[in-house]
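Bear in mind that the values here come from a model prediction, so they are computed numbers and not experimental data. Side chains included, hydrogens not; waters and symmetry mates left out as well; all remaining heavy atoms used. In the text below, chain A, chain B and the rest are named by the order of the sequence lines, each starting its count at 1.
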Amino acid sequence: MPEGPSIIILKELVTPFAGQKVIAVSGNSTLPIDRATGKKIIDFKSWGKHFLICFKDFSIRIHFLLFGSYRINEEKEGTPRLRLSFKNGFINFYACSVKIIEEPLDDTYDWSADVMSEDWDPKSARKKLKRAPAMLACDALLNQDIFSGSGNIIKNEVLYRTKIHPLSKIGSLPPQKLSELIDEVRNYSFDFLKWKKAYVLKKHWLAHTKKTCTRCKGPMQKEYLGTTRRRTFFCPVCQKLYD
DNA sequence: CCGGTTGTTCAGCG
DNA sequence: GCGCTGAACAACCG
């Protein structure tokens with residue numbers, strides 16, 4: 001569920017409810033979610049992996065983390081964390097993190113960091129990366145302040161596509177390689193979106209979960225790298241270490 | 001049936 | 001008070 005492109009799909013699926021009044025709210029969330037009852041949804045937005053339900057005076061932020069899910073006009077086993085009903089249907093969110101945001105979203109979110117956004121600004125990402133020369137490439141690609149929406153799959157695929165070893169230091173990447181990295185996060189995210197919609201995402205993985213390198217036919221390496229020790233798949237031959 | 005994971009937050013430590 | 005690390009949480013697949 002979680003990476004940025006999946007949230008774009010959700011946003012598209014809920015468009016029938018944009019502008020609709022919430023006629024009932026339920027769920028096992030401990031927050032005062034009933035506040036949405038009777039209120040009109042102004043818009044649905046997203047920032048990376050955050051799904052945002054916007055009302056006039058506040059917003060509800062949904063984060064699916066690793067295991068969250070949703071159903072639209074469809075039930076599923078278990079109590080939803082949040083359920084919003086409309087006269088033309090309902091949305092259920094399960095096992096997700098719910099947060100209420102009081103301030104205007106423009107005050108909370110740096111839209112230029114969102115890889116899928118029309119406000120995405122590669123120059124801004126570059127500036128942030130320049131400020132963190134010691135950061136490892138595998139950590140940079142999971143950093144939501146720099147690449148909001150990028151996740152572990154996107155990380156592995158982008159490093160493989162750009163032939164950058166996950167343990168490369170950001171400050172050691174030649175300028176053109178750095179540009180390539182930044183551009184490829186957005187490029188691959190849109191491929192991810194296209195393939196996910198067509199239910200063929202896994203088929204197109206070149207690195208993630210792979211045992212053999214499609215380029216050199218050598219073995220792929222699997223290690224738990226970076227500050228978060230996330231699963232990292234890479235080809236030690238084709239992906240160059242910039243140290 | 002158990003182990004593992006497309007993620008994040010927070011307590012506890014030095 | 002800071003940065004870092006590991007635990008906790010969650011549900012479903014293989």
Can you tell me how far P in B:dG3 sits from the matching atom in C:dA8, rounded to whole Å? 16 Å
Among C:dA10, B:dT5, B:dT8, which nucleotide has an atom closest to any side-chain atom of A:Lys49? B:dT8
Of C:dC12, B:dG7, B:dT5, the nucleotide closest to the side chain of A:Asn152 is B:dG7
Considering only NZ, NE, NH1 and NH2 on the basic side and carboxylate oxygens on the acidic side, decide whether [X] and [Y] come within less than 4.0 Å.
X: A:Arg161; Y: A:Asp191; result: yes
X: A:Arg186; Y: A:Asp114; result: no
X: A:Arg230; Y: A:Glu223; result: no

Using atom [atom1] of [X] as one end and atom [atom2] of [N] as the other, report the distance to the nearest whole Å.
X: A:His63; N: C:dA10; atom1: NE2; atom2: P; result: 16 Å
X: A:Tyr70; N: C:dC12; atom1: OH; atom2: C1'; result: 16 Å
X: A:Leu66; N: C:dA7; atom1: CG; atom2: P; result: 17 Å
X: A:Asp191; N: B:dT6; atom1: CG; atom2: C1'; result: 16 Å
X: A:Arg230; N: C:dT5; atom1: CZ; atom2: C1'; result: 16 Å
X: A:Trp205; N: B:dT5; atom1: CH2; atom2: P; result: 12 Å
X: A:Arg81; N: C:dA10; atom1: CZ; atom2: C1'; result: 8 Å
X: A:Arg229; N: C:dA7; atom1: CZ; atom2: C1'; result: 14 Å

If you look at every strand shown and take non-hydrogen atoms under 4.0 Å, does A:Lys155 touch a base, only sugar-phosphate, or nothing? nothing
Residue that, paired with A:His204, satisfies ring pair (Phe, Tyr, Trp, His ring centres under 6.0 Å) out of A:Phe192, A:Tyr199, A:Tyr188, A:Trp195: A:Trp195
Mate of B:dG3 where both pairing distances stay under 3.5 Å, Watson-Crick or G-U: C:dC13
Parallel, tilted or perpendicular: which one describes the rings of A:His50 and A:Tyr109, with boundaries at 30° and 60°? perpendicular
Starting at the 5' end of DNA chain B and moving along, which residue's nearest nucleotide shows up first, A:Lys99 or A:Arg231? A:Arg231
